[in-house]
Asks: 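Pasting a structure here, questions to come.
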Amino acid sequence: MLTQERNLLEAARGGDQGAYGRLLEPYRAQLHAHCYRMLGSVHDAEDALQETSLRAWRGLARFEGRSSLRSWLYTIATNTCLNQIAARPKRVLPIDYGPAYDPHRPPGEPVIESVWVEPYPDEMVGLEDGLAAPEATYEQREAVELALIAALQHLPPNQRAVLILREVLGFSAKEVAEALDTTVASVNSALQRARAAVEERVPAQSQQATLRTLGDDALRDLVTRYVDAWERNDVEAFAAMLAEDATFAMPPLASWYQGREGIAIWAANSPMSGAWRWRTIFTHANGQPALGFYAWDEDAQTHLPFALNVLSLRGDQVSDVVAFIARSAEPREPEKFERYPEEPVDTAKVASFFERFGLPDRLD
């Protein structure tokens with residue numbers, strides 16, 4: 001343990017809350033990301049991080065230094081998350097919730113319950129690039145990519161914890177066994193099963209590797225063309241950018257569309273029909289390119305937040321889009337959701353999907 005950390009620990013044990021805050025600060029961003037990986041929700045991650053901070057503060061007197069402070073904090077955070085997982089349903093993306101919709105049909109009604117994976121503001125949180133530890137397998141940003149987060153939510157909680165602690169954070173099997181109060185053999189078995197399950201659900205190449213191969217200039221050109229197609233309601237240009245087996249999902253709507261042709265049919269009949277005027281701002285979410293979409297509101301005489309679109313790429317094509325809609329999902333007549341851009345803005349969702357990502361609440 002470093003001298004400065006040891007001094008802060010002693011001061012914190014003596015009741016110095018300021019020292020405790022400084023002691024925890026270097027770990028805060030990674031702990032936040034850890035809780036998000038476990039829970040699939042930024043809101044739930046913040047609750048878990050707050051609970052972790054409180055439990056660690058109360059337990060400082062029992063921390064004897066036999067393990068590192070980092071290991072001790074992650075043990076508390078992991079078990080806090082496991083308690084949360086036991087008390088609520090798992091979170092998913094629409095593509096895991098039900099089959100693809102007929103593109104000739106309008107979107108169905110939203111699911112009101114908190115069942116959806118949420119986007120993650122990795123840049124705003126301050127998550128660093130690279131590995132969290134030399135023994136880690138996943139890069140830190142790779143480990144918040146949307147496909148991986150969704151895949152993790154399908155794992156049994158213990159397997160999820162083991163894979164994240166071993167492969168993302170680089171803890172040894174012995175450290176993980178101690179954190180989860182189990183054996184090294186059980187940890188190794190759980191890791192083997194978790195790896196196999198995740199590999200079935202995630203692309204062969206991570207988004208981080210794809211973005212490095214593509215390069216900044218090519219990404220900028222791709223995003224420019226994507227934005228231009230939407231702002232001109234050019235369905236043909238939009239469809240040309242999609243992979244043949246692309247998907248387009250829109251939580252809180254359970255409906256999603258699959259295939260370049262199917263998505264184009266739906267887009268032409270709905271969001272790109274010319275009924276709405278779109279503006280966008282580029283940002284990042286889950287270590288991936290993302291766009292804040294704004295729809296013109298005649299009453300407000302400005303563009304208001306509609307959805308945060310997180311893009312997944314395969315080569316130079318868009319393979320998946322998840323549009324996190326920031327409009328009201330209160331129970332109404334089903335036909336209202338056929339014209340979802342005209343529904344009221346949900347201020348809580350604007351805070352979650354726009355403000356957290358540095359996006360404004362209106363665009364003139």
Asks: Give me the ring orientation class for Phe353 and Phe324: parallel if the planes are under 30° apart, tilted from 30 to 60°, perpendicular past 60°.
Replies: tilted
Asks: Regarding Asp96 and His154, do their side chains bring together a donor and an acceptor under 3.5 Å, going by distance alone?
Replies: yes
Asks: Check the orientation of Trp266 and Phe248. Use parallel for under 30°, tilted for 30 to 60°, and perpendicular for over 60°.
Replies: tilted
Asks: Hydrophobic cluster membership, with links at side-chain heavy-atom distances under 4.5 Å among I/L/V/M/F/W/Y: are Val168 and Leu191 in one?
Replies: yes
Asks: Are Gln205 and Thr210 close enough that a side-chain donor and a side-chain acceptor fall under 3.5 Å?
Replies: yes
Asks: Which residues pass the ring pair (Phe, Tyr, Trp, His ring centres under 6.0 Å) test with Tyr36, sequence neighbours left out?
Replies: Tyr120
Asks: Set out, in order, the CA-CA distance, both residues' side-chain angles and the distance that settles side-chain hydrogen bond (donor to acceptor under 3.5 Å, both in side chains) for Glu343 and Ser328, then state yes or no.
Replies: CA-CA 6 Å; Glu343 289 299 286; Ser328 174; 5.6 Å; no
Asks: So if you build clusters from Ile, Leu, Val, Met, Phe, Trp, Tyr with side-chain heavy-atom gaps below 4.5 Å, do Ile263 and Trp276 land together?
Replies: yes
Asks: Just to verify, what does Trp256 make a ring pair (Phe, Tyr, Trp, His ring centres under 6.0 Å) with, not counting sequence neighbours?
Replies: none
Asks: Can you name the one residue among Pro107, Pro251, Pro252 that meets side chain to side chain contact (heavy atoms under 4.5 Å, CB included) with Ile325?
Replies: Pro252
Asks: Rounded to the nearest 0.5 Å, what's the gap from CG on Asp297 to OG1 on Thr302? Could you check?
Replies: 8.5 Å
Asks: Within 45 degrees of the ring normal and closer than 6.0 Å to the centroid, is that where the cationic atom of Arg277 sits relative to Tyr294?
Replies: no
Asks: Parallel, tilted or perpendicular: which describes the rings of His284 and Phe282, with under 30° parallel and over 60° perpendicular?
Replies: perpendicular
